[in-house]
Structure formats: structure tokens, C-alpha cells
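From a predicted model like this one, the values you see are computed outputs, not experimental measurements. So that the names make sense, note that chain A is the first sequence line, chain B the second, and so on, each numbered from 1.
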There are 2 protein chains.
Amino acid sequence: MRGRHRLKHTLREKVGRWTQPRDFILDILDRSREHLSAKDIYDILYSTHPGIGLTTVYRTLELFHRLGIVKKVSSPDGQSRYELSSEEKKAHHHHLICLGCGKIIDYQDFAKEELELVKKTEKVLSQKHNFLIFDHNIEFRGLCEKCRKTLAVE
Amino acid sequence: MRGRHRLKHTLREKVGRWTQPRDFILDILDRSREHLSAKDIYDILYSTHPGIGLTTVYRTLELFHRLGIVKKVSSPDGQSRYELSSEEKKAHHHHLICLGCGKIIDYQDFAKEELELVKKTEKVLSQKHNFLIFDHNIEFRGLCEKCRKTLAVE
DNA sequence: CTGTGTGCAAAGCATTTGCACTATG
DNA sequence: CATAGTGCAAATGCTTTGCACACAG
């Protein structure tokens with residue numbers, strides 16, 4: 001909770017105007033442990049504030065993304081999903097993605113070993129390819145428990 | 001070259017009919033060291049065989065993907081990009097993705113260390129979350145040389 | 001007050017689908 | 001020849017844009 005308020009404070013300074021939609025969307029992102037699509041957020045929002053449009057959700061997510069507080073992950077189902085970035089959530093993690101339903105699960109096992117490898121790799125790659133690396137992403141793809149059962153026949 | 005012919009032979013058996021479009025598209029994928037979007041492939045194809053439609057490209061890529069010989073990577077620009085799968089190209093690798101232009105570069109450094117970590121992680125995750133893991137993906141995201149220069153002012 | 005942010009409707013893209021036609025096996 | 005595969009045009013679904021209005025600072 002304290003973290004959330006600090007974040008809002010920072011945002012108020014970075015952003016031109018702190019509006020209701022921005023406030024609500026930040027709260028939804030902050031509360032959710034899931035990775036939400038723009039539509040997901042719109043639907044949640046719709047139940048309490050039906051006046052807010054899907055466009056605003058997209059624009060707000062885009063804004064938060066530019067400010068570096070939201071990460072965008074493209075799901076195999078064609079949508080993008082959004083989450084507060086690790087810095088804000090204070091936990092570096094990666095994803096387990098279900099190819100059946102698009103669901104994304106976080107994991108943060110082996111963070112230390114991963115970090116070593118990632119650092120080493122980043123260093124070599126950025127030199128070799130003259131690339132400016134901002135970020136990395138590790139995913140494991142497969143089927144979640146539910147989809148395993150559903151698709152069992154095939 | 002020999003590899004390519006063996007692959008075609010295998011495919012002829014797995015697939016119902018071995019048609020011209022399928023043949024051309026396989027060749028384009030096999031020759032290219034880039035990760036091509038459906039449109040890219042269509043454009044290449046168009047210069048020599050203007051009769052073949054974009055739909056067929058999508059359907060063929062989807063077919064190859066189902067057969068496991070083509071990998072699909074979603075690029076931050078919203079398109080999907082396709083490449084022959086590692087098994088066929090005989091080299092396990094991962095991606096360096098440019099957030100500016102969507103370009104994807106392969107790398108295969110630290111494959112051995114990566115494999116260790118990946119194996120260990122897969123084992124733990126599949127048990128913990130009851131997930132059936134097919135595949136993993138590691139990406140580094142940033143700006144390629146060209147986009148670094150273009151965006152330098154911002 | 002004065003723009004910045006918003007909602008709505010329409011436009012833009014990548015991808016998929018329906019259907020009549022073609023060409024493989 | 002029978003039917004799997006194809007091309008075209010239209011449909012779909014996510015995301016972006018244009019424009020008049022609304023409200024935060």
C-alpha cells in the first residue's frame with residue numbers, strides 16, 4: 001500500500017495531469033496478480049465506471065509503458081498483456097505461457113543463476129551486434145493444467 | 001542442400017499434397033537467415049510468382065507450424081515472424097529484438113550454460129504449476145545499431 | 001480559463017474465413 | 001476424377017486515430 005502511494009506520487013510529477021481513469025487503471029494493475037489485456041482492464045473498469053472507454057485504457061497503458069512502469073508482453077493469442085514492471089513490483093520474474101488459453105503465470109525461481117547468465121550474455125551480445133539492450137525476457141511455453149485436460153483427446 | 005531435400009521428402013509424406021506454393025515458401029524460409037513475416041514472404045514470392053495469395057502464405061505457415069518445422073515469434077510491431085525451427089536448422093539459438101524496427105537477430109552464445117539453467121527451471125516449474133512445457137524462449141530487447149542512431153535525438 | 005485528456009466512431013493492420021475454382025495424386 | 005488446396009473478397013479482432021467535448025491545474 002505504501003508502495004502504491006509512492007508510485008502515484010512519482011507519477012503525478014512525471015505525468016501532465018493525474019486523472020480518474022489513470023488512477024483507476026493504475027489501481028487495477030497494482031491489485032491484479034494476473035497479466036491483463038486492455039480488454040480485461042476495460043471490463044473490470046466497466047463494472048464500476050462504465051463511462052471510461054477502451055481507447056483511454058489503451059492510451060493510458062501506452063503512457064505507463066513509455067514511463068517505464070508497465071511491461072507489455074505479447075501473448076500467442078494475438079493480444080498484448082500488461083503488468084506493472086518488476087521495479088515497481090520489486091520482484092524480477094519471468095513467464096509460463098499457456099498456448100491453449102493464453103494465460104500467463106509468473107515464476108521467479110533460479111533468479112540468481114539466471115542473472116549471472118543474463119549479465120554475461122548481455123555483455124557479449126551488445127558488443128557483438130552493437131545493440132543497446134534494455135531488457136530481457138524468458139518464457140516457457142506449454143499447456144496449463146486446465147488446457148492439458150481439455151485437449152487431452154487430440 | 002542435402003538437408004533441404006531430406007526435409008522436403010519428409011514433408012511430402014506428412015502432408016497431403018505437395019504443392020508449388022508450399023515448395024516455394026519452404027525454399028524462402030530455408031534460404032533466409034532473417035525472421036520473415038507473412039507479408040515479407042508474400043513480397044518475395046510476388047516478384048517471381050505473383051499469382052500466389054497472402055492467404056496461402058498464412059495457411060502454409062500455419063501448416064508448417066503445426067507440423068513443428070516452423071517457429072512463430074511475435075514481434076513487438078504486432079506481426080508474427082516465422083523461421084525454420086532449430087531442429088531443422090540444427091542450431092539452438094535465441095533472439096535479440098529491436099524495439100525500433102522489429103528486426104530480429106539470432107544468437108547462440110552460452111548455449112551450454114543456458115541449457116543447464118533451462119533444464120533445471122523446466123523441471124521445477126512443470127511440477128510446481130502442473131504445466132506441460134513444450135518449449136522455451138529467451139529474448140533480449142533493445143535498439144539495433146540503425147535505430148540507436150535514428151532515435152538518438154529523443 | 002486553456003489546453004491536456006477523454007469518448008465515440010471510424011480507420012488501420014494483421015490474420016482468418018467463406019466460397020467457387022484449380023490442380024495434385 | 002475426387003477432393004485437398006488455392007485465390008479472392010469480405011469478415012474479424014486488436015489497436016490506433018480524428019475530432020469535438022470535458023475537466024484538471
Does A/Y58 have a side-chain nitrogen or oxygen under 4.0 Å from the phosphate oxygens OP1 or OP2 of D/dT15? yes

Can the ring centres of B/H49 and B/F24 be said to be less than 6.0 Å apart? yes

Angle class for the B/Y46/B/Y42 ring planes (parallel below 30°, perpendicular above 60°, tilted otherwise)? tilted

How long is the line joining [atom1] of [X] and [atom2] of [N], in whole Å?
{"X": "A/R81", "N": "D/dT15", "atom1": "CZ", "atom2": "C1'", "result": "15 Å"}
{"X": "A/K39", "N": "D/dT15", "atom1": "NZ", "atom2": "P", "result": "11 Å"}
{"X": "B/L63", "N": "C/dT16", "atom1": "CG", "atom2": "C1'", "result": "16 Å"}
{"X": "B/E62", "N": "D/dG5", "atom1": "CD", "atom2": "C1'", "result": "15 Å"}
{"X": "A/Q79", "N": "C/dT16", "atom1": "CD", "atom2": "C1'", "result": "16 Å"}
{"X": "B/L45", "N": "D/dT6", "atom1": "CG", "atom2": "C1'", "result": "13 Å"}
{"X": "A/H65", "N": "D/dT16", "atom1": "NE2", "atom2": "P", "result": "11 Å"}
{"X": "B/W18", "N": "D/dT6", "atom1": "CH2", "atom2": "P", "result": "10 Å"}

Classify every nucleotide of nucleotides 1-9 of chain C by which part a protein heavy atom approaches to under 4.0 Å, writing B for the base, S for the sugar-phosphate alone and - for neither, in 5'-to-3' order. --BBSBBBB

Should A/D109 and B/K128 count as an ion pair when the cut-off is N to O under 4.0 Å? yes

Under 4.0 Å, counting only non-hydrogen atoms across every strand here, what does B/S37 touch: a base, just sugar-phosphate, or nothing? nothing

Looking only at heavy atoms, which two atoms of A/I25 and A/V57 are closest? And how far apart? CD1-CA, 3.8 Å

When rounded to the nearest 0.5 angstrom, what is the spacing between CD1 in A/I133 and SG in B/C98? 11.5 Å

Determine which pairs satisfy salt bridge (Lys or Arg N to Asp or Glu O under 4.0 Å) with at least one residue from residues 50-62 of chain B, sequence neighbours left out, and list them in order. B/E62-B/R66

